[in-house]
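Everything below concerns the one structure shown next.
Count residues from 1 along the sequence. In this text the structure is predicted, and so the values were computed from the model without any measurement.
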Amino acid sequence: TIALTAWCYPLLPARMVMHWNAAGQPDGHMSRASAVVVLPLLMGFITLLLSVLPRLSPQGFEMSFVRAFHIITTAVVSVLALLHGLVLATGAGIAIDIKRWVPAAMGVLFVVIGNLLSKTTKNFFVGIRTPWTLANDEVWYRTHRFGGRVFVVVGLLMNVVAAMRGTVYSIVIGALLATLIPAVYSYFQYR
């Protein structure tokens with residue numbers, strides 16, 4: 001990200017687009033100096049935060065799914081790196097269809113997370129953490145197996161919407177479905 005930013009920096013305008021509305025139209029700008037550091041700093045902060053979280057787990061809730069956790073961390077940071085690349089490309093004058101790229105990137109992220117949810121064990125930081133999943137190991141396991149499938153389906157649907165040049169609202173709707181359906185499922189599994 002730093003190398004790409006350094007290479008693009010001379011091509012970038014003094015004010016850059018940093019936000020787009022749901023129609024894919026730019027609606028937020030930032031100075032070049034600020035725009036080139038916001039997402040890389042966020043990537044660094046998230047990487048640091050996610051490297052510290054496993055050490056903060058209380059006894060009995062250790063994060064034993066280290067490989068899956070690292071893949072999730074890498075996927076989240078990679079999506080941020082892609083977004084930073086889109087900001088740089090737009091600033092350099094390359095036409096970017098943000099309504100296609102962002103839902104597609106989020107769809108891939110949901111598929112990756114969905115494939116790894118069933119590998120998580122009971123913890124306070126990653127997964128579908130409802131009172132019912134945290135209270136019972138079997139409910140945690142069943143909910144995360146089911147929730148993983150929901151995440152994968154939602155991610156694939158986001159990619160279909162992106163390919164059809166749909167709306168960015170698909171991300172919000174998808175995220176709501178991917179979180180609410182497994183949460184309700186965990187309640188019924190606990191009952």
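- Heavy-atom contacts from other residues, nucleotides or ligands closer than 6.0 Å to CD1 of Ile2 number 12 or fewer.
- Atom CZ of Arg129 is separated from atom NZ of Lys122 by 14.0 Å, given to the nearest 0.5 angstrom.
- Looking at Thr73 and Phe69, their side chains come closer than 4.5 Å, going by heavy atoms from C-beta outward.
- Atoms CG and CG, on Leu86 and Leu39 in that order, are 10.0 Å from each other to the nearest 0.5 Å.
- Counting only residues at least two apart or on different chains, the salt bridge (charged side-chain N to carboxylate O under 4.0 Å, His left out) pairs with a member in residues 86-111 are Asp97-Arg165.
- Classified by interplanar angle (parallel below 30°, tilted 30° to 60°, perpendicular above 60°), the ring pair Trp140/His144 is parallel.
- Of all heavy-atom pairs between Ala75 and Leu109, the closest is CB-CD1, 3.6 Å.
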Please walk me through it: do Thr143 and Thr133 pass side chain to side chain donor-acceptor pair (under 3.5 Å)? CA-CA 7 Å; Thr143 299; Thr133 58; over 6 Å; no
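- Looking only at distances, no side-chain donor or acceptor of Arg32 sits under 3.5 Å from a matching main-chain atom of Arg15.
- For the atom pair CZ (Phe146) and OG (Ser118), the distance works out to 13.5 Å, reported to the nearest 0.5 Å.
- Shown here is Tyr190, whose OH atom has no more than 12 heavy atoms of other residues, nucleotides or ligands within 6.0 Å.
- Taking CG of Leu12 as the start and OG of Ser31 as the end, the distance is 11.5 Å to the nearest 0.5 Å.
- Counted within 6.0 Å of CZ on Phe124, heavy atoms from surrounding residues, nucleotides or ligands total more than 12; the atom is thus considered enclosed.
- Nearest heavy-atom pair across Met18 and Val87 is SD-CG1, 3.5 Å.
- Heavy atoms of other residues, nucleotides or ligands lying less than 6.0 angstrom from CH2 of Trp101 number 12 at most.
- In the hydrophobic clustering of ILVMFWY residues, with side-chain heavy atoms under 4.5 Å counting as a link, Ile128 and Val150 come out together.
- Nearest heavy-atom pair across Pro40 and Thr1 is CG-CG2, 3.7 Å.
- Within the 4.5 Å cutoff, the side chain of Trp20 has heavy atoms near those of the Thr90 side chain.
- Placement of Val161 and Ile171 in two distinct hydrophobic clusters is found when ILVMFWY residues are connected by side-chain heavy-atom separations under 4.5 Å, directly or transitively.
- No chain of hydrophobic side-chain contacts below 4.5 Å, direct or via other Ile, Leu, Val, Met, Phe, Trp or Tyr residues, connects Val152 to Phe110.
- Taking every heavy atom of both residues into account, Leu88 and Cys8 meet most closely at CB-SG, 4.4 Å.
- Both Ile72 and Leu42 sit in one connected hydrophobic cluster of ILVMFWY residues. Membership requires side-chain heavy atoms under 4.5 Å apart, directly or through other members.
- Residue-environment remark: CZ (Phe125) exceeds the threshold of 12 foreign heavy atoms within 6.0 Å.
- Counting all heavy atoms, side chain and backbone alike, Leu117 lies closest to Gly127 at CD2-CA, 3.9 Å.
- Ring-plane geometry between Trp132 and Tyr187 is classed as perpendicular, the angle between the planes exceeding 60 degrees on a 0 to 90 degree scale with a lower cut at 30.
- For the pair Thr5/His84, a side-chain contact is recorded, criterion being any heavy-atom separation below 4.5 Å from C-beta on.
- With hydrogens and angles ignored, the 3.5 Å screen pairs no side-chain donor or acceptor of Ser34 with any backbone N or O of Met30.
- Nearest heavy-atom pair, Leu156 versus Val111, reported as atom, atom and distance to 0.1 Å: N-CG2, 3.9 Å.
- Under the 4.5 Å side-chain heavy-atom criterion for Ile, Leu, Val, Met, Phe, Trp and Tyr, Val76 and Val66 are members of distinct hydrophobic clusters.
- For Asn123 (side chain) and Thr121 (main-chain N/O), a donor-acceptor pair under 3.5 Å exists by modelled atom type.
- A heavy-atom distance below 4.5 Å is not found between the side chains of Leu49 and Val52.
- Here the CD1-OG distance, from Ile181 to Ser186, works out to 12.5 Å after rounding to the nearest 0.5 Å.
- Atoms OG1 and CG, on Thr47 and Leu80 in that order, are 8.5 Å from each other to the nearest 0.5 Å.
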